[in-house]
Amino acid sequence: MKIWLDGELRDADSARVSVFDHGLTVGDGVFETLKAENGRAFALTRHLHRLTSSARGLGLPDPDLDEVRRACDAVLAANPMPLGRLRITYTGGHSPLGSDRGEAGPTLVVALGESTRRPDTTATVTVPWTRNERGALTGLKTTSYAENVVALARARQHGASEALFANTVGQLCEGTGSNVFVVLDGELHTPPLESGCLAGITRALTVEWTGAKETDLPFAALEQAEEIFLTSTLRDVQAVTRNDARQLGDGPGPVTAKAMRIFAERSAADFDPR
Ligand code: PLP
């Protein structure tokens with residue numbers, strides 16, 4: 001496996017990042033996960049745009065997007081596979097413990113892992129912890145994902161693949177690694193970015209392609225919704241057939257099935273839209 005680290009392609013087994021890298025010691029870093037099919041990344045430009053916004057939000061220097069593109073191309077070419085997850089990690093770089101970011105500059109790693117197509121349906125649980133819709137990190141895709149790891153572990157304990165958060169004012173927000181859509185009275189809604197959710201790329205495309213409304217929703221909307229689905233880079237559009245103890249049918253409902261179809265058609269036509 002070849003990865004990109006600080007300016008060149010290297011063997012993953014021998015590539016080394018400092019133990020004093022701020023991404024490791026304080027979670028001072030940002031990342032992107034992209035879907036890659038047969039060596040082509042999906043929505044690379046959108047991901048690079050979000051990487052830059054996240055980096056700015058943390059006060060990191062803008063990533064050199066020419067290098068990031070070159071790195072993605074090189075890693076994809078060096079590791080052929082039908083379906084992969086391409087991961088871009090960009091951190092504050094290394095400096096001695098207890099000091100601010102060092103002079104060495106940011107660390108850039110691009111790596112690829114094999115992926116498999118997710119099932120069309122899944123189960124979710126709600127968790128009692130809240131997303132902060134007004135925090136310093138709200139909306140940034142940072143490497144500080146421990147909260148999501150804890151919530152996801154709770155989901156797995158209950159036989160689910162995703163956990164859903166409310167925000168601090170009791171509105172529906174998002175999952176640990178996905179955005180959420182609900183059908184209420186036949187209409188498709190998703191929480192607005194002001195809810196504190198990540199500006200998911202799959203979410204944005206789904207809103208654009210289905211006309212879903214961005215609506216403030218109470219967390220309890222999950223109990224009334226006729227249908228619920230998740231969106232993310234690795235799930236695409238995935239129907240929720242059980243949330244907590246509530247069963248929502250055996251398969252995708254009609255609105256979800258339509259969103260799945262539209263997403264599959266439009267994204268295939270639009271693959272690698274730089
Ligand atoms: N929300 C969070 C917290 C995420 O981590 C992700 C993706 O990893 C998403 C939503 C979905 O975003 P995207 O569609 O860009 O993958």
Side-chain angles (χ1 to χ4, degrees), residues 27 29-37 41-55 57-58 72 83-90 111 113 115 117-118 122 124-127 129-133 135-155 161-168 171-182 190-210 212 214 217 228-240 259-260 262-264 266-267 270-273:
V30 296
F31 78 103
E32 286 294 321
T33 299
L34 294 80
K35 186 170 52 172
E37 270 182 31
F42 181 66
L44 181 60
T45 299
R46 286 179 188 256
H47 281 280
L48 295 186
H49 185 74
R50 189 171 64 187
L51 182 76
T52 303
S53 313
S54 298
L58 278 196
C72 292
L83 184 60
R85 53 196 292 166
L86 186 65
R87 159 95 184 203
I88 305 169
T89 309
Y90 183 69
S115 190
R117 231 195 88 64
R118 300 296 163 98
T122 195
T124 53
V125 295
T126 54
V127 286
W129 311 300
T130 52
R131 279 277 199 252
N132 182 356
E133 68 285 359
L137 303 182
T138 303
L140 309 181
K141 200 162 164 65
T142 74
T143 52
S144 311
Y145 250 49
E147 178 177 75
N148 293 319
V149 172
V150 172
L152 196 55
R154 166 77 66 99
S161 80
E162 182 58 306
L164 298 174
F165 289 93
N167 62 15
T168 67
Q171 294 165 329
L172 180 61
C173 186
E174 65 175 345
T176 67
S178 63
N179 292 105
V180 60
F181 286 69
V182 295
T190 194
L193 298 184
E194 294 71 34
S195 70
C197 67
L198 184 77
I201 288 166
T202 323
R203 171 191 178 280
L205 293 171
T206 304
V207 167
E208 198 179 313
W209 292 341
T210 64
E214 299 179 75
L217 299 160
I228 303 173
F229 67 76
L230 306 175
T231 60
S232 81
T233 292
L234 298 176
R235 295 174 192 268
D236 293 335
V237 174
Q238 189 180 43
V240 172
M260 290 168 111
I262 293 174
F263 191 85
R266 296 285 295 260
S267 63
D270 234 354
F271 220 84
D272 201 6

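These numbers come from the heavy atoms of this one structure, side chains and all, not from hydrogens, waters or symmetry mates. In listed order, ligands and their atoms are each counted from 1. The first residue of the sequence shown is numbered 1, and numbering continues consecutively from there.
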Among all protein heavy atoms, pick the one closest to atom 7 (C) of ligand 1 and tell me residue, atom and distance.
Lys141 NZ, 3.3 Å

How about Trp129 and Phe165: are their ring centres within less than 6.0 Å of each other?
no

Please check: side-chain N/O of Ser115 versus main-chain N/O of Arg85, any donor-acceptor pairing under 3.5 Å?
no

Identify, for atom 14 (O) of ligand 1, the protein heavy atom at the shortest distance, and state residue, atom and that distance.
Thr202 OG1, 2.6 Å

Is Thr33 close enough to touch ligand 1? Criterion: a residue heavy atom under 4.0 Å from a ligand atom.
no

I'd like to know if the side chain of Glu133 pairs up with that of Thr138 as donor and acceptor (distance under 3.5 Å, no hydrogens or angles considered).
no

Could you find the nearest protein heavy atom to atom 16 (O) of ligand 1 and give me its residue, atom name and distance?
Thr233 OG1, 2.6 Å

Looking only at protein heavy atoms, which one is nearest to atom 12 (O) of ligand 1, and how far off is it?
Gly200 CA, 3.3 Å

Atom 11 (C) of ligand 1 - nearest protein heavy atom and its distance
Asn179 OD1, 3.6 Å

Looking at Phe42, Tyr145, Phe31, the heavy atom closest to atom 4 (C) of ligand 1 belongs to Tyr145

For Arg118 and Ser161, test the side chains for any donor-to-acceptor distance below 3.5 angstrom and give the result as yes or no.
no

Got the closest protein heavy atom to atom 2 (C) of ligand 1, with its distance?
Glu174 OE1, 3.5 Å

At a 4.0 Å cut-off, with the gap strictly under it, does some heavy atom of Thr176 reach an atom of ligand 1?
yes

Is the shortest distance from a heavy atom of Arg50 to ligand 1 less than 4.0 Å?
yes

Would you say Arg131 contacts ligand 1, with heavy atoms under 4.0 Å as the rule?
yes

Would you say Gly175 and ligand 1 have an N/O pair spaced under 3.5 Å apart?
no

Can you tell me if Asn167 uses its side chain to pair, donor with acceptor, with the backbone of Ser195 under 3.5 Å?
yes

